[in-house]
Chemist: 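Before we start, here is the structure in question, set down as structure tokens.
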Amino acid sequence: MKRYEKLEKDPVARELEILELWQRTDAFGESLRQTENGPRYVFYEGPPTANGRPHFGHLMPRVYKDLFPRYKTMQGHYVVRKGGWDTHGLPVELEVEKEIGVNSKPEIESYGVERFVQKCKESVWRYKAEWERLIRRMGFWIDLENAYVTYTDDYIESVWWELATMFERGLLYQGHKTLPYCPRCGTGLSSHEVAQGYKVVEDPSVFLRMPIVSDAASVYKLDGGVRTSLLTWTTTPWTLPANVALAMAANEAYVEVEQGSERLVLAKALMERALVGDARIVREMPGRDLLGVLYEPPYRLTSDAAAYQVYSAGFVNMDDGTGIVHIACAFGEDDYRLGQEEGLPFVQPVDLGGRFTEEFPLCAGQFVKDADPVVVADLKNRGLLYRSMPYEHDYPFCWRCDTPLLYYAMDSWYIRTTEFKDRMIEENEGISWYPSHVGEGRLGDFLENLKDWALSRDRYWGTPLNLWVCEECGTVSAVKSRADLVARATDPERARTVELHRPYVDAITLRCEACGGVARRVRYVIDTWFDSGSMHTAQWHYPFENEDRFRDSFPADFICEAMEQTRGWFYTLLATATILHGEAPYRNCMATGLGLDENGLKMSKSKGNVLDPWTYIDRFGADCIRWYLFSSSAPWKSKRIGEAAVQEPLYKFLDTVRNTYDFFALYATIDGYDPDVHPAREASFSILDRWIRSRLQTATRDVVTALDAYDVVSAAAALEAFVDDLSNWYVRLSRRRFWRGGMGEDKAAAYGTLREALLVLSRLLAPFVPFLAEAVYQPLRAGGDPESVHLCAYPAVDEDSVDSALESEMQLARSIAALGHQARNQAQVKVRQPLAHVVIASPGDVALRAEVQELIERELNVRRVDVVKDLGAYLTEAAAPNFRSIGPRLGASGPKAAAWIKGQSASALRNALATGSVTVAIGGETVEIRPEDVTYTVSLSEGYVQAETGSDRLLLDTRIDEDLRRQGLFREVVHRIQVARKDAGFDVTDRIRLAYETDDALGAILAQHEEEIAAEVLAVSVKHDMKGKHEYSQTIELDEGRRVAIGLTRMQDA
RNA sequence: GGGUCUGUAGCUCAGCUGGUUAGAGCGCUCGCCUGAUAAGCGGGAGGUCCCUGGUUCGAGUCCAGGCAGGCCCA
């Protein structure tokens, strides 16, 4: 005989068992093997860095990254899920710096680059085990054994191939990148680091004169023979020696003002704030008129003809200063770009230590910030200083050593991504984004303002930039593979085995193909984002091997990561693929929101509010967290991670599924139910069976439709609705079918239906909550079924089995039941008390078939249900006099008329007055009754109460006659005995001996129903006195002071 | 400063192309039901739908301008 065990109640224990099952049977591996010949569905793993501990936020994209591959696998697709690890980059270096106690490049050099790099390599695996444990425990099926690792020589070789390809196509070039630079540490800082170190400081703010020396090339002409200067402004006086130009806004209004013996030019909008004392406006002109004006700079460090004149620039604003911006290409990003566009000279009188060089003798050797007062004093002496004052603003400092950062134009290699801007925009339009605004807005906007990609980093731990420069002739060439390196190396043997990292690869020199000289590698490594952005190609070590695998898995059908990857991984994948393969590397891209703490703040290390995922996994289980994330709100919405919220799905949804199964298991075991021995016959399906079978189809349709549109919340909502229907309607109303003895046709139909519903449900749930789905599936599966629910086919809708008429009838029945309970509640009549009659008025054309009406009768415990279009028959309309109208007109006759109106039947009177007034004789008087003299009130017929919602109304007949009263009493007693059984701790199936004693009247009623009572409470014998011993006894108090003493004794097992 | 999202009950969120009295879940409270359930059902309390204008017969919904918060980028 088949036994169905109840499921383990503790979700954590249950999930651990399932994990073991999967491991034992290699379920994941099997799911791949069995789909190997199916159509591909390509997924790319965005690689995490394992040098940090995983936190709750990391789970958010991962649940979707698991859901869709599982779903597609069950639909027969072959979904390769190669894991990946991102391993290079500055964050890793910083961790190691902290560990070994250094914090600058010179210190790293003296520590030894080789030792340092080895430390980095170890560091990236620090939390690998943690990550793997988490991924496995959450039921995320991904191939970690064959994960790609960005630091391997194979991966680097593929990246080299990409870079060399770009180089050969002329897409790599050398330029300057302006970045916040720490002169003490000798390194540029990432924006993330800069953000940590802003402080409010006071700097000198100076306004100074740049005398105009020539108007030959401009529309503007000098006038009056007075000294005329352009007024400019800066908060970094030390950059003035590097001045090479001034920039103005072409379309803004500028004025020339006279003040004392001189004239000054500045923006009209800033006049008030910039000038001191009275000034007379001489003339006004747009900025464009001044373009080409030559001026005398404070320090003339170049003789370049392009220098020291006025240019137009879009970044000039009217917020502060004078609207005339001092340009030093070496010390500002905008400045540098303008310099590139206009061909300005690059004046750089400051060394990498932040000290002035001999190029600027006044301050040579001095740290730039210390030079500020020297420069200001010098300008003052020479009469160039118009005004100087302290200025408070935010300025970045090095977060490590507190040195003020300098914006410094550093040598850098770039990828000419701007050349592919239009292609990328076009490709982006072909990608389906979830949500759409990430693609259209966030990334779209970024692409519109695309800049070239600054690729190189002057660091140690990263993919080395594969460019070698000849020491003799300066020829630059790119190495495109290990073989290429060996072929061109001066020491081929060494090149064959050298690790492709600094410092090892730096030692490899090449023979210059142009001149035969010695070529050395540039010192840079590349931006780590290029590593991960290359995974579409490098994960397969393409083009050196796996050509077929690469072709089969490009582009991806689906990727998903956190929102902040938009300009990170989402962009770098798009950029590299568009350049190299001419196509976007993914078709559907989902961005997830942030994990917030209970106060709605972003989780971050610095705030100390990061949540360890294990705190919830170990209490509520993986499925609970998964379902919480799927069902609570759209993927891209930020989620507050609070205990109550995360826990909710456990009892609300998952336990409902478990209990529905447990219900089945309880009775199926009692009855020895076996689907093979007790097949369900379609002809025996009850209305409930047919209904839930139809719901199974519509739920499947809803889930599949939603998932195909990547709409996870709707899919989850459809499943929740189905589980509610199954548990709280199908099972609830079907309970009596399972209680009956034996195994009749109807019972077999009920078992068959419930079993099938649970099996289909387990498959529907499998991608969402893989553990619970498996737990439900395992005990139910038949001999020929797959070993795991995850090896089953995902349900497909069978439209022919949908009975929408029945579904909407049942919908109505459920709302009628709700109304009925409401009416009973209002009338204070318990459901246990049978009532005679309920009337429903529904404007819809839904006619309830007899079987559905029966369900309602049972649910509401009424003898008869009537569905009518019009409730008229149950309403009493009464006519009432309207004294406002009668009083003034009839005076003393009023009361008589009123009495007469009250005496009339409302409908007769309404008919009589339909065409106008009537004249009647009342006690010898003739009185005119007008329509407005009568008001009509509608009231329910005696004994009825009403409940309504929206368009439906329900009337409940609350009159209880003697027969109903007896029925109610009997049911009450049965109920009390059942409660007593439970209190006594008896098992559901225990047979008992029942004894009771009560007054004569009640005794007579009970005697009448004795057989029913015995059947209901599983009594094999009934005694009418309390003599003898009872295992459990109690006195029941009923209404009106009636009492029944009962005694229960269990029968020994036969 | 630019882009973008969000603002609805104590909390978490629904409210489709504008259409009666703004909903659900959790929590609170009163009652019911219970031979599966940590469940279910019903009643109640709880809302200036962030603010201000505008369009419209009608605005939580559309438009404009603010305010607040978040994120990405400067």
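Order of the sequence lines fixes the chain letters, A, B, ..., with proteins taken first and strands second; residue numbering starts at 1 for each chain.
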Chemist: Please state whether the rings of Y673(A) and F664(A) are parallel, tilted or perpendicular, taking 30° and 60° as the class boundaries.
Modeler: perpendicular
Chemist: If you measure from the C1' atom in G23(B) to the same atom in G46(B), how many Å do you get, rounded?
Modeler: 14 Å
Chemist: For Q833(A) and for A634(A), locate the closest nucleotide of RNA chain B by heavy-atom distance; then report the residue assigned to the nucleotide nearer the 5' terminus.
Modeler: A634(A)
Chemist: Rounded to whole angstrom, note down the C1' distance from G40(B) over to G58(B).
Modeler: 40 Å
Chemist: If U34(B) has a Watson-Crick or G-U wobble mate with both distances under 3.5 Å, name it; if not, just say none.
Modeler: none
Chemist: Contact class for R824(A) (heavy atom, under 4.0 Å): base, sugar-phosphate, or nothing?
Modeler: nothing
Chemist: Specify the separation, in whole Å, of atom CG of L450(A) and atom P of A74(B).
Modeler: 12 Å
Chemist: Quick one: is R735(A) getting a side-chain N or O under 4.0 Å of the U34(B) phosphate, OP1 or OP2?
Modeler: no
Chemist: Y667(A) side chain N/O closer than 4.0 Å to the phosphate oxygens (OP1, OP2) of A36(B)?
Modeler: yes
Chemist: Searching all strands shown, indicate the nucleotide that pairs with U20(B) (Watson-Crick or G-U wobble; both distances under 3.5 Å).
Modeler: none
Chemist: Starting at the 5' end of RNA chain B, which residue's closest nucleotide do you reach first, A817(A) or W739(A)?
Modeler: W739(A)
Chemist: Have a look at D662(A) and say if it touches a base, only the backbone sugar-phosphate, or nothing, with a 4.0 Å heavy-atom cut-off.
Modeler: nothing
Chemist: Once the angle between the rings of F630(A) and W627(A) is folded into 0 to 90°, is it parallel (under 30°), tilted (30 to 60°) or perpendicular (over 60°)?
Modeler: perpendicular
Chemist: What's V979(A) touching, base or sugar-phosphate or nothing? Going by heavy atoms closer than 4.0 Å.
Modeler: nothing
Chemist: Nearest to the side chain of E1016(A) - A38(B), G35(B), C33(B)?
Modeler: G35(B)
Chemist: Separation of D671(A) atom CG from A36(B) atom C1', in whole Å?
Modeler: 14 Å
Chemist: Between Y434(A) and W636(A), is the ring centre distance below 6.0 Å?
Modeler: no
Chemist: Without hydrogens or angle criteria, can the side chains of Y407(A) and D335(A) be said to hold a donor-acceptor pair below 3.5 Å?
Modeler: no
Chemist: Rounded to whole angstroms, how far apart are CD on Q647(A) and P on U12(B)?
Modeler: 17 Å
Chemist: Using a strict threshold of under 4.0 Å (side-chain N to carboxylate O), is an ion pair present between R619(A) and E15(A)?
Modeler: no
Chemist: So for atom CD, which belongs to E1031(A), do other residues, nucleotides or ligands contribute more than 12 heavy atoms lying within a distance under 6.0 Å?
Modeler: yes
Chemist: Side-chain N or O of H821(A) versus OP1/OP2 of C33(B): is the shortest distance under 4.0 Å?
Modeler: no
Chemist: Under 4.0 Å, heavy atoms only, any strand: does L650(A) hit a base, just the sugar-phosphate, or nothing?
Modeler: nothing
Chemist: Can a side-chain donor-acceptor contact be found between W433(A) and N428(A) if the only test is distance below 3.5 angstrom?
Modeler: yes
Chemist: In Watson-Crick or G-U wobble terms, both distances under 3.5 Å, what is the partner of C71(B)?
Modeler: G3(B)
Chemist: Sort out the partner of G53(B) for me: Watson-Crick or G-U wobble, both distances under 3.5 Å, none otherwise.
Modeler: C63(B)
Chemist: Could you check if the base of G44(B) is syn or anti? Syn means the glycosidic torsion is within 90 degrees of 0.
Modeler: anti
Chemist: Select one nucleotide: of C33(B), A38(B), A36(B), the one nearest the side-chain heavy atoms of V831(A).
Modeler: C33(B)
Chemist: Does A36(B) have OP1 or OP2 sitting under 4.0 Å from an N or O in the side chain of K9(A)?
Modeler: no
Chemist: Roughly how far apart, to the nearest Å, are C41(B) and A24(B) at atom C1'?
Modeler: 15 Å
Chemist: Side chain of T656(A): nearest nucleotide among A38(B), A39(B), C33(B)?
Modeler: A39(B)
Chemist: Counting the atoms with a prime plus P, OP1 and OP2 as sugar-phosphate, which does K652(A) contact under 4.0 Å by heavy atoms, base, sugar-phosphate, or nothing?
Modeler: sugar-phosphate
Chemist: Measure from CZ on R976(A) to C1' on C33(B) and round the result to the nearest Å.
Modeler: 14 Å
Chemist: When both hydrogen-bonding distances must be under 3.5 Å and the geometry is Watson-Crick or G-U wobble, what is C28(B) paired with, if anything?
Modeler: G44(B)
